[in-house]
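Reading through the structure tokens given below for one structure.
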Protein chains: 2
Amino acid sequence: MKLTPLDGFVGYALRRAQSVIFADFNHTLAGLNLRPGQFAVLLLIDQNPGASQSNVSAALGIQKANFVATIADLENRQLVRRRKSDSDARTYLLSLTAGGRELLRRAVELQSLHESRITALLGEDERLRLLDLLERLARLPCNPSK
Amino acid sequence: MKLTPLDGFVGYALRRAQSVIFADFNHTLAGLNLRPGQFAVLLLIDQNPGASQSNVSAALGIQKANFVATIADLENRQLVRRRKSDSDARTYLLSLTAGGRELLRRAVELQSLHESRITALLGEDERLRLLDLLERLARLPCNPSK
DNA sequence: TATTGTTATACTCTATAACTATA
DNA sequence: TATAGTTATAGAGTATAACAATA
């Protein structure tokens with residue numbers, strides 16, 4: 001099957017790469033029952049203790065409505081704790097439990113294996129270059145003039 | 001909000017970039033009512049006239065079961081034609097209708113505007129380098145040895 | 001036996017509107 | 001009024017199992 005000109009499009013290449021990389025991530029973290037999004041949530045809470053649900057969901061580009069089930073699951077699994085804020089009764093302050101920190105520690109270890117596999121494939125210089133290119137892509141204006 | 005070390009992971013950078021690029025693609029093709037997947041299907045049928053549903057869905061990494069609704073929609077919109085094969089009564093041979101070719105022509109035009117926006121952001125050399133890096137990523141072994 | 005296309009089903013991710021309780 | 005969190009809902013995308021017709 002002829003794939004041209006499809007294989008010359010950045011959007012298509014992104015989709016293929018993302019599919020493979022996410023599969024490898026999920027395979028690597030399979031034992032922890034953590035999908036990419038959940039891993040990102042734990043990481044952000046760990047790095048920003050006391051952040052609210054809105055803070056975290058906005059930082060990850062997740063709608064707050066869709067974040068409710070995610071955070072409820074993590075709380076049910078006793079990985080995340082929610083405390084009522086003293087200064088604002090509307091918000092919950094998020095933090096990791098001891099179990100959450102421990103699971104995150106193991107997840108980070110496995111993630112670094114996953115990332116190493118990418119480095120083995122590209123080389124570290126090229127991996128960093130890829131990160132730079134992807135970050136620049138993400139700065140594409142949202143409502144382009146025409 | 002602190003995003004490190006999340007922003008140093010290729011998987012996360014891929015997700016952010018893909019989200020922005022797909023949004024721009026959809027915005028650019030909005031008038032044609034064609035999502036990225038449908039565009040890819042039309043392009044592949046155009047480049048491989050007489051291909052079967054299995055051929056096209058396999059080439060795009062789509063399960064044949066999920067391809068049924070996609071192709072039915074394109075057929076209902078009279079963009080794609082399905083003919084029974086003479087040599088194998090199980091398969092349908094896919095081809096574009098005149099309307100399908102015309103819609104694809106306009107879609108390709110708009111897609112090239114979208115791609116130009118990426119080139120404007122990265123420069124053509126960097127865009128080609130990105131394509132190369134993404135293609136190499138997609139060659140990551142599926143079941144890595146640990 | 002294996003393959004093509006199909007149906008049915010389920011799960012994830014995402015998007016939106018509307019509600020509540022607070023601010 | 002505006003915001004934080006919630007509920008409900010709907011649309012995509014994706015995965016699997018099972019089937020009829022055909023090879």
Side-chain angles (χ1 to χ4, degrees), chain A residues 1 11-12 14-16 18-23 25-27 29-30 33-41 45 50-76 80-94 142, chain B residues 1 11-12 14-16 18-23 25-27 29-30 33-41 45 50-76 80-94 142:
Chain A
M1 288 277 295
Y12 184 70
L14 277 173
R15 177 188 172 272
R16 298 295 284 238
Q18 155 124 266
S19 162
V20 168
I21 294 304
F22 269 48
F25 178 93
N26 284 323
H27 182 265
L29 293 238
N33 193 23
L34 268 192
R35 273 157 296 128
Q38 300 173 313
F39 174 66
V41 170
I45 294 177
S52 69
Q53 291 187 199
S54 291
N55 294 154
V56 173
S57 62
L60 292 175
I62 301 172
Q63 311 267 353
K64 62 180 181 171
N66 295 325
F67 195 60
V68 174
T70 300
I71 209 70
D73 178 54
L74 295 175
E75 192 184 21
N76 286 337
V80 166
R81 197 185 309 112
R82 303 200 306 161
R83 278 181 300 115
K84 278 286 189 186
S85 165
D86 288 338
S87 55
D88 186 337
R90 293 172 303 179
T91 74
Y92 287 102
L93 308 185
L94 303 175
C142 288
Chain B
M1 288 278 295
Y12 184 69
L14 277 173
R15 178 187 171 274
R16 299 295 285 238
Q18 155 124 267
S19 162
V20 168
I21 294 305
F22 269 48
F25 178 93
N26 285 322
H27 181 265
L29 292 238
N33 194 23
L34 267 193
R35 273 157 296 129
Q38 299 174 313
F39 174 66
V41 169
I45 294 176
S52 69
Q53 292 187 199
S54 291
N55 294 153
V56 174
S57 61
L60 291 175
I62 300 170
Q63 310 266 354
K64 62 179 181 171
N66 295 324
F67 196 61
V68 173
T70 300
I71 209 69
D73 177 54
L74 295 175
E75 193 184 21
N76 286 338
V80 165
R81 198 185 308 115
R82 303 199 306 159
R83 279 180 299 115
K84 278 285 191 188
S85 165
D86 289 337
S87 54
D88 186 339
R90 295 172 302 179
T91 76
Y92 287 100
L93 308 184
L94 303 176
C142 287

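Predicted model, so just to flag it, every value in this text is computed and none were measured. All values below were derived from every heavy atom in this structure, side-chain atoms included, with hydrogens, water molecules and symmetry-related copies excluded.
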Integer-rounded Å distance: [N] [atom2] and [X] [atom1]:
| X | N | atom1 | atom2 | answer |
| --- | --- | --- | --- | --- |
| B:Gln18 | C:dC13 | CD | P | 14 Å |
| A:Leu94 | D:dA4 | CG | P | 13 Å |
| B:Asn26 | C:dA15 | CG | C1' | 13 Å |
| B:Arg35 | C:dT14 | CZ | P | 16 Å |
| A:Asp86 | C:dT22 | CG | C1' | 15 Å |
| B:Glu75 | C:dT6 | CD | C1' | 14 Å |
| A:Leu93 | D:dA4 | CG | C1' | 12 Å |
| B:Ile62 | C:dT6 | CD1 | P | 14 Å |

Which residue lies more 5' along DNA chain C, comparing B:Arg82 with B:Arg15 via nearest heavy atoms
B:Arg82
DNA chain C nearest-nucleotide lookup for A:Ala89 and B:Ala65: closer to the 5′ end is B:Ala65
About how many Å separate CZ of A:Arg16 and CD1 of A:Ile21, when rounded to the nearest 0.5 Å?
13.0 Å
To the nearest 0.5 angstrom, please state how far the NZ atom of A:Lys64 sits from the CD1 atom of A:Ile71.
15.0 Å
Closest to the [X] side chain, choosing from [options]:
| X | options | answer |
| --- | --- | --- |
| A:Gln63 | C:dT4, C:dA15, D:dA12 | C:dA15 |
| A:Arg90 | D:dG13, C:dA23, D:dG5 | C:dA23 |
| B:Asp88 | D:dG5, D:dT22, C:dT22 | D:dT22 |

Which is true for B:Phe67 with a 4.0 Å heavy-atom rule: it touches a base, it touches only sugar-phosphate, or it touches nothing?
nothing
What does B:Asn66 touch in the nucleic acid at a heavy-atom separation under 4.0 angstrom: a base, only the sugar-phosphate, or nothing?
base
Any side-chain N or O of B:Thr91 below 4.0 angstrom from OP1/OP2 of D:dT22?
no
Compare all side-chain heavy atoms of A:Arg15 with those of B:Gln18 and state whether any distance is below 4.5 angstrom.
yes
Would you indicate whether the side-chain heavy atoms of A:Leu94 and A:Arg81 approach each other to under 4.5 Å?
no
Is the CG atom of B:Asp86 crowded by more than 12 outside heavy atoms at less than 6.0 Å?
no
